[in-house]
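Naming: A, B, ... by sequence-line order, numbering from 1 per chain. Not measured: the values here are computed from a predicted model.
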Protein chains: 4
Amino acid sequence: MFFQVDPRSQIPIWEQIVNQIKELVLKGILTPGDKIPSVRELASHLIVNPNTVSKAYQELERQGVIETMRGRGTFICTKLTTNADEQKIALLQDKTKQLVIEGSYLGVSSDTFTEWIRAFAKELGGNERD
Amino acid sequence: MFFQVDPRSQIPIWEQIVNQIKELVLKGILTPGDKIPSVRELASHLIVNPNTVSKAYQELERQGVIETMRGRGTFICTKLTTNADEQKIALLQDKTKQLVIEGSYLGVSSDTFTEWIRAFAKELGGNERD
Amino acid sequence: MFFQVDPRSQIPIWEQIVNQIKELVLKGILTPGDKIPSVRELASHLIVNPNTVSKAYQELERQGVIETMRGRGTFICTKLTTNADEQKIALLQDKTKQLVIEGSYLGVSSDTFTEWIRAFAKELGGNERD
Amino acid sequence: MFFQVDPRSQIPIWEQIVNQIKELVLKGILTPGDKIPSVRELASHLIVNPNTVSKAYQELERQGVIETMRGRGTFICTKLTTNADEQKIALLQDKTKQLVIEGSYLGVSSDTFTEWIRAFAKELGGNERD
DNA sequence: GTGGTCTAGACCACT
DNA sequence: GTGGTCTAGACCACA
C-alpha cells in the first residue's frame, strides 16, 4: 500500500485517495477481499487529517469499491459493480471534450490523446472492465 | 453568440464561460478580431452577475484568447499563441489518466474514448491547433 | 506583518497588497514556507473587503509568489521562480523610460534615479534575485 | 510630428500622447514656440477619438508644457517650468521603488536599471533639465 | 457606451 | 477554521 498525496494539487486530497485506490484496484494490485489500512493508519502515513481519509473511504464505499466490516476493517469489495449510469457517461464525455479543447490550446493533438489513453489502458492490463 | 450556462454545475460559471468561448474560437465561429458581447450584455443574457462574466473575460485575456480595449470592448485575439507549457501538458495527461480510470468503472473502454476524441476533433474542424 | 493600504491611491488596493507582499518577500521578512494572514484576517486588519484581499492573493499565486492550500491557509512559495519573460522586461524598460521623462520635468536627474535605485537595492539586501 | 499610439497598451491613449509629446520636447525635436497639430488633425492621424486628444492637450496645458492661443492654435510653452513639487517627487521615488521590485522578480538587476537610465538620459541629450 | 474596482454579504467545499 | 464562488449593487476612468 504505497501511495502519496500532493497537498499542493488542486484536486482535493480525499479525491486523490479515491483515485489512487481505484487505480490500484484496476491494476490488480488490490484484489477483492484485500484489507486496506485503517483510517488512522493511512492518515498518519500520508500525513493528512483523519477526517480527510474518512471522507475518501465513505466515497469509495458509496461507489461500491470498498466495504467496511464492523470491527474487522475495510476491504476491497468482492462484486465489482459496473454501473453504466447514462448521466455519468454523458458527464464523462463532456469532460473528455473539455480536455480536447484544453489540449488544442496547448498544442496537444487528438492523436496524442489517443496514444496516452492506449498506453494507460495497457498499464491497467487485463483488469480493464469493458 | 449562443451559449448557456448551468448554475447547478460543479464547474464554476466563470469557467464554463471560458470553456465555451475557447470552444467557439476553435470551431472558427469566433474569429480573430471579432467583438464579443460586453460584460453587461453577456451577463444579462446568461442571467448571471456581471462580475462573474468579468472574471471569465479576465481569465481569457490572461490566457491570450481575447484582448480588452478600454472603452471600446473585448475582442478575439489576433495572434493565436500556442504555449506548450510542459507542466500544463503533464497536468493534462494526468487528467486524461483519471478520466480513463473513471471510465473503466463506468464500462467505458479506451476505444470509446478514442472514438469520442476523434469525433470531437472532427467537430473542431481544420481549426485545431496542432 | 505590518503594512498599510491607501484607499485613495490611484493604484488599486489589490495591487498595493501584491506589491507590498512581494517587497516583504524580497526583503526576507517573509521567507519560503511562511504562513501569511488569512483572507479575512488581512481584510479586517486593512479595513478592506475580503474579496479585495482574495483578488490580491490569487494574483500572487498566479505569479508564483504564494501558494494556497485548501482549508489550511496561504503560504510563501518554496521555489522562487525567476521568469525572465522578454515582453515583460521590455515593458519594464518602457516604464523606466517614462519615469525618466517624468523626472526630467520635475528636476530629477538620472544620477538621482541611480542613487534611489542603489539605496533601495541595498534595502532589499542579499535577497535580490539577479 | 510623427508618433504612434498603441490602442492595446494598458496605458490610456491620452497618456501615451502626453508622454510622447513631453519626450519630443525633452529631445529638442519640439522647441518652445513650435506649433503642434490641432486636436482634429492629430486625432485623424492617430485614428483615435478627438476627445482623447483633447484630454491629452488639456493635461499638457495643465502641466505647463503647451499653451493654446485662441484662434491661432496650440504651441509648445516658452517658459519651461520646472516645478519641483515635493509630493510629486516622493511619488516618483515610490514608482521607482516598485519598478525595482518588479525587476527583481524578472531577474533585472539594479545595474541594468542604471544602465537603462543612463542610456535614455543620453538619448535625451543636453536637453535634460537638471 | 466600455471594462475595472470595490463593498457587503451569502453559500459552499476542503481540512 | 481556510479559500473559492457568486450576487446585487455602486463608482470610476476611458473612448
Subject >> Atom pair distance, as rounded to whole Å: NZ in Lys35(B) and P in dA15(F) >> reply: 15 Å
Original post:
Do the side chains of Leu60(C) and Lys22(C) get nearer than 4.5 Å, heavy atoms only?
Top reply: yes
Pair up each side-chain donor or acceptor in residues 69-76 of chain B with any protein partner under 3.5 Å, not counting sequence neighbours, and list the distances.
from     : atom 1 : to      : atom 2 : distance (Å)
Arg70(B) : NH2    : Ser9(D) : O      : 2.8

Original post:
Would you say the side chain of Tyr57(A) lies within less than 4.5 Å of the side chain of Ser38(A), judging by non-hydrogen atoms?
Top reply: no
**OP:** Using heavy atoms to find the nearest nucleotide of DNA chain F for Asn51(B) and Asn49(D) separately, return the residue whose nucleotide is more 5′.
**Re:** Asn51(B)
**OP:** For DNA chain E, write out the stems as range with range, using runs of 3 or more consecutive Watson-Crick or G-U pairs with both distances under 3.5 Å.
**Re:** E:1-14 with F:1-14
Original post:
With a 4.5 Å heavy-atom cut-off, do Ile17(B) and Val5(B) have their side chains touching?
Top reply: yes
Original post:
Expressed in angstrom and rounded to an integer, what is the separation of Lys55(D) atom NZ from dA15(F) atom C1'?
Top reply: 9 Å
Original post:
chain B on DNA chain E: first and last contacting nucleotide, 5' to 3', under 4.0 Å to a heavy atom?
Top reply: dG1(E) to dC6(E)
**OP:** Only pairs at least two apart or in different chains count here, so list each salt bridge (charged side-chain N to carboxylate O under 4.0 Å, His left out) that has a residue in residues 52-69 of chain A.
**Re:** Glu59(A)-Arg62(A)
Subject >> Residues touching DNA chain E, which here means a heavy atom under 4.0 Å, drawn from residues 63-75 of chain C >> reply: Arg70(C), Gly71(C), Arg72(C)
Subject >> Residue mapping more 5' on DNA chain E - nearest nucleotide basis, Gln10(B) or Gln16(C) >> reply: Gln16(C)
Original post:
Rounded to the Å, how far apart are Ile13(C) CD1 and dC12(F) P?
Top reply: 14 Å
Original post:
Over how many whole Å does the gap from Glu15(D) atom CD to dC14(F) atom C1' extend?
Top reply: 11 Å
**OP:** With sequence neighbours excluded, give me every salt bridge (charged side-chain N to carboxylate O under 4.0 Å, His left out) pair touching residues 5-16 of chain C.
**Re:** Asp6(C)-Arg8(C)
